[in-house]
Amino acid sequence: MIPPGFIQDLLARVDIVDVVGRHVELKKAGINHKGLCPFHGEKTPSFIVSPTRQTYHCFGCGVHGNAIGFLMEHTGAGFIEAVEDLAQQVGMQVPQDERSPAERERAKAQKAREATLTETLARASEHYRQQLKKSPRAIDYLKRRGLTGQIAARFALGYAPEGWRGLASAFPSYDDPLLAESGLVITQGEDGAEQKRYDRFRDRVMFPIRNVQGEVIGFGGRVLDKGEPKYLNSPETPVFHKGRELYGLYEGRTGLRQRGYALVVEGYMDVVALAQHGFGNAVATLGTACTAEHVQKLFRFTESVVFSFDGDAAGRRAAGRALEAALPHASDTRSIKFLFLPAEHDPDSYVRELGAEAFERCVEQAVPLSRQLVEVSSEGCDLSSAEGRARFLANAKPLWNALPAGLLKRQLLGELARRAQLPDQELMDLWQTGSAAAPAARAGGARRAAAPAGDGGFDGPPDYDIPHGDIPAYEEDYAAAVGEGAPATEPAARKPWKPKGEWKPKGEWKGGAGGKGGWKRRGEPEDETLGLPRRQPLSPADHALRMLLLNSAWWERLSDQDHQLLHELPPPHGELIAWLERHLVNHGPSPWSVLEAALAEEGLLDSARPLVSSAHGPEEALLEELQHVVRGLRIAQLKSQSQALAASNPQGPDLERFREILARIRELEATGS
């Protein structure tokens, strides 16, 4: 937890003109500074930075805030990252959080290690750029792909020459362990004179992969001629995780704001070629399927995402995985679409052959998420038969369940019901009854149907049937962690119950509030809720968010780990948490009436109001209650992680990680008991 006093001191020390000036070209305009707004496309400057008030404001799109808020909005950094970045610039030490000294030392060492790795990768990137200038063959390849020198410089493209030890000329010591740890060099054999070392990337055009802060964290390399693999990526390292990063996100931040949407493609060259033709809002997954973390990261920069895929079978499969990743984030205020190109084209070839206008028309005709869900569910189903419609609903149910609660989910239910020739209410009753029942029995290794979204919990990993004998020696710990396993003793046999006789009413019962035969006691006030539909009980996530909206000052009383946990909640909870943090940074703690007006301006009030409207009870919540709820969410998250590890039969480091998670679960449960 960072004390509010430190935040105030930090903002007093930094100069917002310097902070914003690193990202926006500013010119003096009286007592203020003016420039083109980085948050929306404009030709006439309307973005004002005030050195006296230490704030920024755009009269075009309305964005405003302080130095911390600018870094969060412009770079996509989290609150802690933005504070640490500013503190480092002015030489201030961020107060330590509530972690133990050992944990803080480990975190400090990890951060230093990551900084060293990014410096090594940046040095390699500069080496590859210099090599590109010396290689007519590589330059000719890029020209044949329609790329100019300006676009190559924007993406810092380079070239890894032929030869096994090309990086030896870029680093003082080719035996430096950092070269291997960063994935630049491959080692074979034991340490010592007999160990073989050689460059991972050879005779390839190099695409540096940068995080949202602009640091080089990895590379993608493409062969110039024929060869396999066509693309070669850096391995996973402490700074590079393929399932979290997106190529081109750093370079495309301005394009995202100007065009208003993110265009997700599959290849590095697709991103660069689209940028060459005016689509600077394109990003690419790094040789992996699109993940929920990818989607969540994109929605920190835009509220609209278009997935672009080839029209072949592989593209359809990739679209299916992207649909599954996007569904939990498809709130009513967001737009998610799917673009399918002809089978013979990818975005690179399409825009080069047919031009930017033709590609723009394809984007305009992209399929909305709702229609894509219906089409995916109906694949292989004969909707003219009862069997086909039943299969269609079976395919659609887990996808529909993954959607967050809202109008989109309700409307989709009606569309699915019409396709299946069922009344809306009948399908809703059927699915709600099914979701409330105990989980269905699982075939060996089969994935359980997704739980309904909006329950505030963590989406756990797929469940698997693990035979008792297949679980290693840690099976008792696993059973204790996830609540599985047979009881220690068998219950005693019980005699079946038999009624003594058939019960018959003596006469017709006549109910009614206050009438003869009614149940209301004399003098008891009328229950105004009789006959009204029952409100769904608040989930832990609902409860935590409700308390923070009504007591926003409590946010600073939570730890940094708690902040991260709440940010990772599925929509709409995580979305509201991100908004609340931004509001607190810019305006400080506010009563609900102020938050209510601000939420209405952002179009988020419909998501927040039901939580608060159900909060007016006779007792006020306490900070300890919020901490208890967050602790429960943490335990649920850790149990999901333990399930995922146990299902993978962990060994080595994974097994150690599994045991650490179990120990942490026990510690948290003991704290809360």
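Only a predicted model underlies this, so the values are computations on that prediction, with no experimental measurement involved.
- The minimum heavy-atom distance linking Y350 with C362 is given by the pair OH-SG, 3.2 Å.
- Taking the six-membered ring wherever Trp is involved, the centroid distance between the rings of Y128 and F219 falls below 6.0 Å.
- A donor-acceptor pair under 3.5 Å is formed between the side chain of R204 and the backbone N or O of K230.
- Rounded to the nearest 0.5 angstrom, I48 CD1 and H64 NE2 are separated by 15.0 Å.
- Across every non-hydrogen atom of L263 and S308, the tightest pair is CD1-CB, 4.1 Å.
- Side-chain atoms of Q131 do not come within 3.5 Å of backbone N or O of A160 as any donor-acceptor pair.
- Of all heavy-atom pairs between F171 and A124, the closest is CZ-N, 4.0 Å.
- Between Y231 and F207, the two ring planes are tilted [angle within 30° to 60°].
- Once rounded to the nearest 0.5 Å, the distance linking CG of L157 with CD1 of I139 reads 11.5 Å.
- F70 and H74 have parallel rings, their planes meeting at less than 30° on a 0 to 90° scale where 60° marks the start of perpendicular.
- Proximity of R145 to R222: side-chain heavy atoms (C-beta onward) are separated by under 4.5 Å at one or more points.
- Considering N66, V94, I7, L71 as possible partners of L86, the one that fulfils the side-chain contact (heavy atoms from CB on, under 4.5 Å) test is L71.
- One distance of note links CZ of R244 with CG of L246; it measures 13.0 Å at 0.5 Å rounding.
- Salt bridge annotation for R210-E251: present, with a cationic side-chain nitrogen under 4.0 angstrom from a carboxylate oxygen.
- Residues Y174 and D199 have side chains that bring a donor and an acceptor to within less than 3.5 angstrom of each other.
- Looking at heavy atoms from C-beta onward, F47 lies out of side-chain contact with L36 at the 4.5 angstrom threshold.
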From CA spacing to verdict: side chain to side chain contact (heavy atoms under 4.5 Å, CB included), M206, H127: CA-CA 11 Å; M206 299 299 289; H127 169 73; over 6 Å; no

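- Taking the side chain as every heavy atom from C-beta outward, H294 and V283 never approach each other to under 4.5 Å.
- Shown here for V272 and I151, the closest heavy-atom pair between the two residues is O-CG1, 4.1 Å.
- The nearest pair of heavy atoms linking L256 to N281 is CD2-O, 3.6 Å.
- Between F279 and H277, the distance from one ring center to the other does not fall under 6.0 angstrom.
- Counting heavy atoms from C-beta outward, R113 and P238 have side chains that approach closer than 4.5 Å.
- A donor and an acceptor atom, one from each side chain of S304 and T302, are nowhere located under 3.5 Å apart.
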Chi angles and distances behind the side chain to side chain donor-acceptor pair (under 3.5 Å) call for Q110, E114: CA-CA 6 Å; Q110 177 69 11; E114 292 175 357; 3.1 Å; yes

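- Using modelled atom types and a 3.5 Å distance limit, the side chains of N233 and Y268 yield a donor-acceptor pair.
- In this structure, S349 contributes its side chain and H345 its backbone to no donor-acceptor pair below 3.5 Å.
- Listed here is the closest heavy atom pair of I209 and G220: CD1-N, 4.0 Å.
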Residues Q188, Y198; criterion side chain to side chain contact (heavy atoms under 4.5 Å, CB included); working and verdict: CA-CA 9 Å; Q188 289 183 344; Y198 56 92; 3.3 Å; yes

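- Both tests do not hold together for R316 against F309: distance to the six-membered ring centre under 6.0 Å, angle to the ring axis within 45°.
- In this structure, the side chains of I577 and H563 stay at 4.5 Å or more apart for every pair of heavy atoms.
- For T291 (side chain) and G243 (main-chain N/O), a donor-acceptor pair under 3.5 Å exists by modelled atom type.
- For the pair S335/Y261, no side-chain contact is recorded, criterion being any heavy-atom separation below 4.5 Å from C-beta on.
- Here the CZ atom belonging to F359 is positioned 10.5 Å from the CG atom belonging to D348, to the nearest 0.5 angstrom.
- Judged purely by atom type and a 3.5 angstrom limit, S135 has no side-chain atom pairing as donor or acceptor with the backbone of L132.
- Distance check: E303 CD to E575 CD gives 5.5 Å after rounding to the nearest 0.5 Å.
- At a threshold of 4.5 Å between non-hydrogen side-chain atoms, the residues S182 and T237 do not count as touching.
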Pair F6-M92, side chain to side chain contact (heavy atoms under 4.5 Å, CB included): steps then yes or no: CA-CA 9 Å; F6 176 82; M92 294 179 68; 3.5 Å; yes

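- Between Q564 and E568, the side chains place a donor N or O and an acceptor N or O closer than 3.5 Å (distance only, hydrogens not considered).
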Check against side chain to side chain contact (heavy atoms under 4.5 Å, CB included), Y56 and V24: CA-CA 12 Å; Y56 67 90; V24 179; over 6 Å; no

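- A side-chain donor-acceptor contact under 3.5 Å links Q276 and T148.
- Within the cation-pi definition used here (under 6.0 Å to the ring centroid, within 45° of the axis), R253 does not qualify as a partner of F301.
- Using a 4.5 Å heavy-atom threshold, the side chains of H33 and V20 count as separate.
- Panel note: side chain R334, backbone H329; a donor-acceptor pair is recorded below 3.5 Å.
- Note on R13 versus D9: no salt bridge recorded, every NZ/NE/NH1/NH2 to OD/OE distance being 4.0 Å or above.
- Among residue pairs with one or both ends in residues 133-142, those qualifying as salt bridge (Lys or Arg N to Asp or Glu O under 4.0 Å) are R137-D203, R137-D225, D140-R144; sequence neighbours excluded.
- A search for side chain to side chain contact (heavy atoms under 4.5 Å, CB included) contacts involving A578 returns H567, R582, not counting sequence neighbours.
- With rounding to the nearest 0.5 angstrom, the CZ atom of R197 is 6.5 Å from the OG1 atom of T187.
- Proximity of a side-chain donor or acceptor of E245 to a complementary backbone N or O of K242 within less than 3.5 Å is not detected.
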